[in-house]
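In what follows, a single structure is set out as structure tokens and then discussed.
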Amino acid sequence: MKLATWNVNSLKVRLQHLLEWLARTQPDVVCLQETKLEDTGFPKREIEAAGYAACFHGQKTYNGVAILSRRGLSQVEPGIHGYADDHKRVLSATVDGVRVVCTYVPNGQAVGTIKYAYKLDWFLAFERWLAEGLAHHPQLAVLGDYNVAPEERDVHNPKRWAGQVLFSEPERAAFRRLLGLGLTDAYRLFPQAERMFTWWDYRLNAFQKNMGLRIDHILLSDALARRCRSCSIDLAPRALERPSDHAPVIAEIADE
DNA sequence: ATGGTAGAAACTCTA
């Protein structure tokens, strides 16, 4: 089973990129973030014509998540149980016995702001809820835009980014607590090239200069990590005209 | 040195 995550930064704008990428890459499950679409405006017809069932949890202008699957979808659940949040950031569904969680972690804006405090509070709720999720679903995959670069090698210039939002120590500690629940960063299961990232600012030609951060991740429970055969970042969509500022991440899980 | 771009929506906020 091929699992993928991609922050598309507006599904309306990126629909053609997505459809072409689905046809070329042939993933089984895709988690999308920043769809920026209300559910009534979701391009269900186009996605279904490409061979994918879809569930979605969106809102106007900001946030919005969706899960696409060509192996069916069941037990769809929006949000973090017990955590009231106006932002549509989490969606879960089961595909072939795998519990898939699609997440769009708050950006946090800047250290010390209200949005940063919300990010850390949100992480606490997410962590608590994932601990329960792991207890109920041994085969759990948590894919999305975490808005955290875990390590220095995940940042193009760790000195400049030290203490900044997306790389501050409290955010990295929150990310490590997720790993502490029994989740594994699929990307680090395998040898990877140096200076590989998933997000590059639109400004200052950041992508051309590879001034990026690795903030999009696929976390796998032990049972799934054992079956994981590869994990890679697909840089091609980021190089297209009018791209998302994020690249997709793909993990292959061996069928049982 | 505090820019710069992109998206959505509506002359600003978020990333």
Side-chain angles (χ1 to χ4, degrees), chain A residues 5-21 31-43 46-47 56-66 79 85-91 102-123 126 143-150 154-168 170-172 174-175 197-217 233-249:
Chain A
T5 180
W6 193 7
N7 179 326
V8 289
N9 187 19
S10 171
L11 184 52
K12 204 175 282 179
V13 173
R14 231 63 68 192
L15 184 58
Q16 286 314 309
H17 284 193
L18 174 66
L19 294 173
E20 285 159 25
W21 184 79
C31 294
L32 301 176
Q33 301 86 36
E34 286 206 86
T35 55
K36 299 185 177 180
L37 279 172
E38 288 182 305
D39 292 346
T40 51
F42 193 88
E46 293 88 335
I47 301 278
F56 32 88
H57 183 48
Q59 66 188 97
K60 207 196 288 188
T61 313
Y62 305 118
N63 311 313
V65 284
D85 192 353
D86 293 336
H87 298 189
K88 315 291 194 196
R89 299 185 173 279
V90 174
L91 183 62
C102 174
T103 186
Y104 175 49
V105 175
N107 171 280
Q109 192 177 49
V111 174
T113 62
I114 287 169
K115 290 191 181 73
Y116 181 81
Y118 162 62
K119 182 178 192 172
L120 296 183
D121 185 62
W122 188 96
F123 254 120
F126 192 55
L143 302 88
D145 176 358
Y146 287 76
N147 270 315
V148 178
D154 300 314
V155 179
H156 70 95
N157 183 347
K159 284 202 177 104
R160 189 175 82 67
W161 279 87
Q164 302 295 307
V165 74
L166 309 184
F167 192 52
S168 74
E171 294 166 83
R172 294 165 67 191
F175 185 83
F197 310 117
T198 65
W199 170 81
W200 304 259
D201 199 296
Y202 282 122
R203 296 166 287 191
L204 302 168
N205 274 319
F207 180 65
Q208 286 73 12
K209 294 184 270 188
N210 198 27
M211 293 167 56
L213 273 67
R214 193 177 70 92
I215 58 175
D216 300 84
H217 308 295
I233 298 165
D234 185 357
L235 298 176
R238 186 62 179 82
L240 296 173
E241 285 289 315
R242 214 179 174 196
S244 165
D245 45 353
H246 294 253
V249 184

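For clarity, every value in this text was computed on a predicted model and none was experimentally measured.
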Exercise. Expressed in angstrom and rounded to an integer, what is the separation of A:Leu204 atom CG from B:dT2 atom C1'?
Worked result: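 One finds 11 Å between C1' of B:dT2 and CG of A:Leu204, rounded.
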For this session: With sequence neighbours excluded, tell me which residues meet side chain to side chain contact (heavy atoms under 4.5 Å, CB included) with A:Ser168.
Result: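 Expected list: A:Val111, A:Tyr116, A:Pro170, A:Glu171.
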Exercise. Mind checking what makes side chain to side chain contact (heavy atoms under 4.5 Å, CB included) contact with A:Glu20, not counting sequence neighbours?
Worked result: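 Counting only residues at least two positions away or on another chain, A:Glu20 forms a side chain to side chain contact (heavy atoms under 4.5 Å, CB included) with A:Gln16.
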For this session: Considering only atom P, compute the distance from B:dT12 to B:dA1 and round it to an integer number of Å.
Result: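 Looking at atom P only, B:dT12 and B:dA1 are 28 Å apart.
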Problem set entry | Between B:dA9 and B:dA15 - P atom distance, rounded Å |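 To the nearest whole Å, 15 Å.
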Exercise. Any side-chain heavy-atom pair from A:Phe42 and A:Leu11 closer than 4.5 angstrom?
Worked result: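 Yes - at least one pair of side-chain heavy atoms lies under 4.5 Å apart.
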Exercise. So, the side chain of A:Trp6 versus the backbone of A:Val249: is there a donor-acceptor pair under 3.5 Å, distance only?
Worked result: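 Not confirmed, A:Trp6 side chain does not pair with A:Val249 backbone.
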Problem set entry | Under 4.0 Å protein heavy-atom contacts per nucleotide of nucleotides 6-15 of chain B, with B for base, S for backbone only and - for none | SSSS---BSB
For this session: Answer with yes or no whether the side chains of A:Asn9 and A:Ser244 bring together a donor and an acceptor at under 3.5 Å.
Result: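 Result is no, nothing qualifies.
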